[in-house]
Amino acid sequence: MNDTRGFVESGEIEAIERATVAAVSPLAVEELDGWLLPFDDGTVKRARSAVPLHRGAVSDSTLDRIEARYDSHQFVPAFRLADTACFDPLRAELEQRHYVGDSPTCVQIGSARRMRQVASADAALADVDAAPDEAWATLFLGEGFDPVDGAHRVRALSRAKGSLYASVREGRRTVAAGAMAFSHGWASVHGMRTEQSQRGRGLAGRVLAGLAQAALERGFERVFLQVDAHNMPAHALYRRAGFSTQWQYRYWQRQQWPR
């Protein structure tokens with residue numbers, strides 16, 4: 001993956017990283033040597049992985065201090081690192097310390113105006129509400145989703161301040177959903193879900209379009225999202241909505257050996 005230079009400026013990288021953590025509202029967040037250290041007891045990795053706010057060298061002493069902070073909170077240390085050359089020495093050091101990188105994820109950037117156009121002209125926009133209702137939350141627990149992870153994601157997204165929640169409803173059921181957070185000059189898309197039996201009907205596009213309309217009404221033009229690098233259907237949708245990948249990251253977690 002190419003370096004981020006030429007795509008977004010360093011200040012924008014910091015804003016996106018801060019906004020990413022704010023959107024999942026960890027139980028606690030600390031700052032240390034240009035890093036954000038979120039702490040959480042759920043399954044949402046963004047809410048419990050240290051992330052640098054810069055693209056530069058990281059000393060072993062900083063790594064030691066970050067590990068110590070997670071150990072002091074009784075959480076397993078974890079890091080969210082962009083796949084950029086500047087972090088090659090850090091990744092090598094993490095491997096020496098028995099960390100393993102997984103879950104490659106793409107950070108994509110787009111515009112609310114282009115995103116608004118992804119739904120077909122005759123399609124109704126998703127309903128957008130200031131709080132999630134029971135049907136919105138239930139979708140995360142349905143067939144095809146991990147109910148434990150889904151419950152943790154509902155909890156994380158629901159407690160973020162100022163977020164909005166989009167629903168495509170059919171009767172009393174929510175068949176597609178998503179959320180949007182607003183922070184540090186960016187709108188961001190999170191928690192995109194479509195009921196397994198309803199995929200292929202353009203429902204996710206209606207969710208994106210509804211969220212885009214809400215962003216524009218609030219004066220936000222720039223939008224980012226994060227998507228599993230291997231989720232090709234999602235990549236196709238976001239490409240149609242005008243998003244492009246700016247960088248890729250992985251989660252690095254220290255292995256716990258059986259006693």
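Computed from a predicted model, the values in this text were never measured in an experiment. Numbers here are sequence positions counted from 1.
The closest donor-acceptor contact from the side chain of W186 to the backbone of F220 lies at 3.5 Å or more, if one exists at all. No side-chain donor-acceptor contact under 3.5 Å links Y251 to the backbone of P104. Judged purely by atom type and a 3.5 angstrom limit, T62 has no side-chain atom pairing as donor or acceptor with the backbone of V58. Side chain of R159 to main chain of S25: a donor-acceptor pair is present (N/O by atom type, distance under 3.5 Å, no hydrogens or angles). A donor-acceptor pair is defined here as one N or O able to donate and one able to accept, closer than 3.5 Å; such a pair exists between the side chain of R218 and the backbone of A214. Put simply, the side chain of W252 never gets that close to the backbone of L81: no donor and acceptor are under 3.5 Å apart. For the pair D129 (side chain) and P132 (backbone), a donor-acceptor distance under 3.5 Å is absent. Formation of a donor-acceptor pair under 3.5 Å by the R80 side chain with backbone atoms of S49 is not found in this model. No donor-acceptor distance shorter than 3.5 angstrom exists from the side chain of H230 to the backbone of T105, with no hydrogens or angles considered.
Because its NZ or CZ atom is not both nearer than 6.0 Å to the ring centre of F75 and within 45° of the ring axis, R48 does not count as a cation-pi partner of that residue.
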(request) Tell me, with the steps shown, if V175 and R169 meet side chain to side chain contact (heavy atoms under 4.5 Å, CB included). (result) CA-CA 6 Å; V175 292; R169 298 183 173 101; over 6 Å; no
(message) Quick one, I66 with F79, criterion side chain to side chain contact (heavy atoms under 4.5 Å, CB included). Give me CA distance, side-chain angles, the key distance, then yes/no.
(response) CA-CA 9 Å; I66 292 172; F79 296 81; 3.6 Å; yes
(request) For side chain to side chain contact (heavy atoms under 4.5 Å, CB included), just list the numbers for Q253 and V76, CA-CA rounded to whole Å, side-chain angles, deciding distance to a tenth of an Å, and then say yes or no. (result) CA-CA 7 Å; Q253 185 162 307; V76 176; 3.8 Å; yes
(request) Please assess Q255 against V100 for the test side chain to side chain contact (heavy atoms under 4.5 Å, CB included), listing each intermediate value before the final yes or no. (result) CA-CA 7 Å; Q255 299 302 288; V100 173; 3.8 Å; yes
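At least one side-chain heavy atom of S163 sits under 4.5 Å from a side-chain heavy atom of Y165. Y99 has its side chain out of reach of L90: every pair of non-hydrogen atoms, C-beta onward, lies at least 4.5 Å apart. Between I109 and V223 there is no side-chain heavy-atom pair separated by less than 4.5 Å. Side-chain contact between V118 and L237: present, with at least one pair of heavy atoms (C-beta onward) separated by less than 4.5 Å. Side-chain contact check for H184 versus E17: every heavy-atom pair is 4.5 Å or farther apart. Proximity of T20 to F224: side-chain heavy atoms (C-beta onward) are separated by under 4.5 Å at one or more points. Proximity of R173 to L139: side-chain heavy atoms (C-beta onward) are nowhere separated by under 4.5 Å. Residues W35 and L37 meet the side-chain proximity criterion, which asks for heavy atoms closer than 4.5 Å.
For the pair A241 and R114, the tightest heavy-atom approach, listed with the atom from each and the gap, is O-CG, 3.2 Å. Contact detail for A204 and M192: the closest heavy-atom pair is O-CE, 3.7 Å. P38 and A47 make their closest contact through CB-O, 3.3 Å (heavy atoms, listed as atom of the first residue, atom of the second, distance). Smallest separation of non-hydrogen atoms from A124 and R206: O-NE, 2.7 Å. For the residue pair A176 and T194, the shortest heavy atom distance occurs at CB-OG1, 3.9 Å. Residue T174 comes nearest to A135 through the heavy atom pair OG1-CB, 3.4 Å, listed as atom of the first residue, atom of the second, then distance.
Rounded to the nearest 0.5 angstrom, T43 OG1 and R153 CZ are separated by 5.5 Å. Here Q108 contributes atom CD and L225 contributes atom CG; the two are 5.5 Å apart, rounded to the nearest 0.5 Å. The CZ atom of R55 lies 4.5 Å from the CD1 atom of I13; values are rounded to the nearest 0.5 Å. Distance CZ/R240 to NE2/H235: 13.0 Å, rounded to 0.5 Å. Here the CZ-CD distance, from F145 to Q196, works out to 7.5 Å after rounding to the nearest 0.5 Å. One distance of note links CG of L211 with NE2 of H190; it measures 10.0 Å at 0.5 Å rounding.
A salt bridge does not link D102 to R250: none of the charged side-chain nitrogens sits closer than 4.0 Å to a carboxylate oxygen. Taking the charged nitrogens against the carboxylate oxygens, R69 and D64 have no contact shorter than 4.0 Å, which rules out a salt bridge. Using a 4.0 Å cut-off between a side-chain N of Lys or Arg and a carboxylate O of Asp or Glu, E95 and R91 do not qualify as a salt bridge. Salt-bridge check for R18 with E31: passed, with a basic side-chain N closer than 4.0 Å to an acidic carboxylate O. The pair R155-D40 counts as a salt bridge, with a side-chain nitrogen and a carboxylate oxygen less than 4.0 angstrom apart.
A side-chain donor-acceptor contact under 3.5 Å links K45 and S103. A donor-acceptor pair shorter than 3.5 Å can be found between the side chains of Q198 and R201. Using modelled atom types and a 3.5 Å distance limit, the side chains of H73 and E30 yield a donor-acceptor pair. Counting only N and O atoms by type, the side chains of Q226 and Y249 include a donor and acceptor under 3.5 Å apart. In this model, no donor atom of one side chain and acceptor atom of the other lie less than 3.5 Å apart for S167 and D127.
Applying the 6.0 Å contact sphere to CD of E143 captures no more than 12 heavy atoms from other residues, nucleotides or ligands. Heavy atoms of other residues, nucleotides or ligands lying less than 6.0 angstrom from CZ of R113 number 12 at most.
Ring planes of Y238 and F243: perpendicular class, angle over 60° (limits at 30 and 60°).
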